[in-house]
Each structure stands twice: as structure tokens, then as C-alpha cells.
Asks: 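Dumping the structure here so I can ask a few things about it.
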Amino acid sequence: MKKLYFIIGSQDLYGAETLIQAEKDGREMAEYLCGELGDIAAVEAMPVVKTAAEAEDICIRASADKECIGVIMWMHTFSPAKMWIRALQALSKPMLHLHTQYNERLPYDSIDMDFMNLNQSAHGDREFGFICTRLGIKREVAAGYYKNPDLIEKLRRFAYAAEGVSFGRTMRVAMFGNNMRDVAVTDGDRVESEIKYGWNVNYYGIGDLCDIADGVSETDIDGKMAEYSEKYDMGTDDLAAVREQAKYEIALERFLDKENISAFTDTFQDLHGLKQLPGLAVQNIMAKGTGFGPEGDYKTAALCAVLCRMAQGRQGATGFMEDYTYDLAAGEEKELAAHMLEVSPVFAANKPEIQVHPLGIGGKADPARLVFDGIEGEGIAVSMIDMGDRFRLVCADITLIKQPEPMPKLPVARLMWTLKPDFATCAAAWIYAGGAHHAVVSTALDAEDIRLFAKMTDTELVIINDKTDLNSFEQQLELLEIKARLKK
Ligand code: MN
């Protein structure tokens, strides 16, 4: 069970009565928060912290507890912050500093100095905030009465992002083959990815998959075909081609399961032993939340798995997408996003159809794939790039739209969207920022989720939205460059 530690700060100057009350209040608050966040992680109250040794113990315990995805800190009373230095230095889990109170209103009639002693987070949280700032601790500060729905929403966001970070810490990613020859943006520093995010990224020969595929029985394939028939329309007579994909999917499932893999890549340049580029097989797997990146794009695959995890249990769709081509009618510019094959059916507006068509690249047999039109709605496109000395996330707000006209000859699934604040600004900003042609698109998450993930992982982030102005955006990029150089 995932946990969030609720850590209540105080000190030993107030006497037993105040401390007992602080502990009682804290337990009640943790219980309430657990009711609001329990579907993501259980909120567990820790004993009230009175000394530096207790603070350190609890932060070491949180850091070592594999079930703990993050900590919520709150100073019920004043808590002199030098006692938190060693504790914060030992803390390796994401932190939310909850600036709240046990009481919502002031008890004007009865307020006295005992009340003031017990309920002084306005005082204690500032002291705690100072030491966090002084130590350069990345944390999220959320302020307000702890039952306020807006505050609860902030805590839930934090919990989702903490879960994404925690999931990534032990995540394994498989690359079948390397990244596409000569392509720059899909490449990256895999060692640094593991140091920074925990993502363990390894190469496998496609032959490892072929060997498993050879062992898939016709009966197994019948079962997968039944799953396809239930979920999708069969728009082809070439059942042999579809069965070939069913075989790949079963092999992929067995491989991912055996190796405990949460995201994978393949490449059309390394398909030795496979008759087709995996299309339908990958699409059906992506819909289950497994990360995928084509052409060996491990960063997109890993980010996709993490964002799918953060989106778990929330309304909306999340998956890999590629920028492809535009409708550039002035003032009504639209982007058409697709891929050779691998678009997740979570984005389908209609029941996807299985079709078999030639693939103009790779020199393999005609692959079966799902074809559908995309959903509508507000969303984000997120791209991760390797700047050489750091990773950068580029996040753009987009509006997914219904395609204005049918595209009967386009043999792949597609999404269409518009950019903010307008096409020219967003497209230029994305390109200035170095954003890739591969992204993770989500209608379940928004820029706030990405901001939290970036903060907790100390990843550089640039956001493009309806407020973006190119002049300040370029200045922001220059400042980030200077910051990176200073860090060196
Ligand atoms: Mn691509």
C-alpha cells in the first residue's frame, strides 16, 4: 500500500498538554486527509516531532520506506528550524509543505494564549519554510484550511505526481534495437536518466522477442483474436496478418512480464525475424498503460509510462503521439498528429478498425494496425529532451479537435489539435525550446501535473500556453541556459 507520511512539527517547550493535543489534532487531520487521498496513497500520521533527533529519525524512516511516496509536513506549533536541518538533509522523498490549521475560524470569544501557543502555524510554517529555502529543498507549498476542496485538489495532484516519481524510481525500460540511425532528439544519456529518475533502460535484441513469439501457440493466438474482435471492428480479410500481430502482442506481454518492464521501444530498422513492424500489437498494449516510444525513443517511452501512472484513475487519455503535418489555413491552423502505426486506442473517438496496408518504410510485410479518428478535449503535449548537461521538459497546452473532414485514404490512427495562444507562437516556442516531434499527449493531466513532476525531480521545464509571449519565452530559455552554466 502506498503511503504519505503526515509529519507534524512542534518542540518540547510547551508541556505535555499542548503536545498531546497537537498529536490528537494531527491524527484527526491525517484521518480526514486519508479519506480524501486514500485512493492514491494512505495518509499516515507520525508522532509529533519535538527534537532534532526525532525529526531526523522520521525523515530517515520516510526515505527508507519503499511504500512511502512522499511526505506532508506541517508545523502545528512553532518548531525552531535548526532542528530540521539534519532531517531535511536526510529526506529523499517528495515533500509537500502543508500550510494549514486545525481550526478553520478564530474562536474570537475564547481565544487566549494557550490557544495561540498550540495553533501557530502562521508562525511555525514560516520558520520551517525559511530552512527549506535556505537548504534549497524542492518542495510544494500548499496553503489553506485542510478541508478546503481547492486545497484537497492540490494535495491530490501532489500525491499523483509523487506516485509518478516513486514508480519511476524502480521502473525498467526495454529498447528493442537502438534509436533510429542519425536521429538526434530520440537519443539521450541513459545513465543520467537512471541517476535522475531511476529509469533503468536496457537494450535487448529483437531476437529475444522472436524466440518468445516462436513459442506462441495457435490457441493463444485464437484467444488474442477474440479480444481484438470484442474491442475492435475487423476491417480486413487478411486474418493471417492480424494473427501475426496477435502473436507479437502475446510475445511482448510475456517478455514485459518476465523482465518486469513498464515501457519499451522498437525500431523499423531492426526487425530481424519479424515479418511485420509491430502495429496493432503495440497499440493494444499501449492502451493498458505500458509506455511506448518508436524508433528507439526511450525517453518518450519512459515518460509515457510515468504519465500513464500519474493519470491512473483519472478521466482522460494518455499516450505517445507524433507531430506529423498541418492544415495551415490562416487563423485556423490545425495540427495532424499520427504515426506510422503506433497510436494508442485510448485516443479513439470511434470504435477502432483493424486494417492491413503496406508500410512505405522498412521493407517488411503489410502490417495490421488500428485506424480511428481522435477524441476532442483540452490536453497537453509533453516532450522530454536531453540538453547534454540536463534534461528539459517542454509542455504545451493543446485543444484536441474533431477532424474537419474524413480522411478515407489515410491508413493510420490520427489526432488533430490546435495550439495556444496561436499556431505561430506555440510552434515557434516549441521549436526554440528544442521540443521533439515525439511527445506524450494527455487529456487526463494538465500543465500543473507536469510542473509538479518537474519540480520533484528537479527537471527544467518550459510551459507553452495561452499566455505565452515569444519575446519573454526566448528570454526564459536564455536564463535557463545561464542557470545551467552556473550550475556547472
Ligand atoms: Mn516517430
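Both counts, for ligands and for their atoms, begin at 1 and track the order of listing. This chain uses plain numbering: 1 for the first residue, then up along the sequence.
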Asks: Ring centroids only, cut at 6.0 angstrom: are F176 and F255 within range, meaning strictly under it?
Replies: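 F176 vs F255: aromatic centres under 6.0 Å.
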Asks: Enumerate, atom names and distances included, each donor-acceptor pair closer than 3.5 Å involving a side-chain atom of residues 260-268, sequence neighbours excluded.
Replies:
| from | atom 1 | to | atom 2 | distance (Å) |
| --- | --- | --- | --- | --- |
| T267 | OG1 | Q269 | N | 3.1 |

Asks: Ring centroids only, cut at 6.0 angstrom: are Y232 and F372 within range, meaning strictly under it?
Replies: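 Ring centres of F372 and Y232 not closer than 6.0 Å.
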Asks: Take the Mn ion (ligand 1) and tell me which protein N, O or S atoms are nearer than 2.8 Å.
Replies: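 Correct list: E295 OE1, E322 OE1, H339 NE2, H438 NE2.
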Asks: Is it the case that E227 and N284 place a side-chain donor and acceptor less than 3.5 Å from each other?
Replies: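 A donor-acceptor contact under 3.5 Å links the two side chains.
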Asks: What about Y324 and H437, are their ring centers closer than 6.0 Å?
Replies: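 They do not qualify: ring centres at least 6.0 Å apart.
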Asks: Could you check whether R314 makes a cation-pi contact with Y160, meaning its NZ or CZ is under 6.0 Å from the centre of the six-membered ring and within 45° of the ring axis?
Replies: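 Yes, R314 and Y160 form such a contact.
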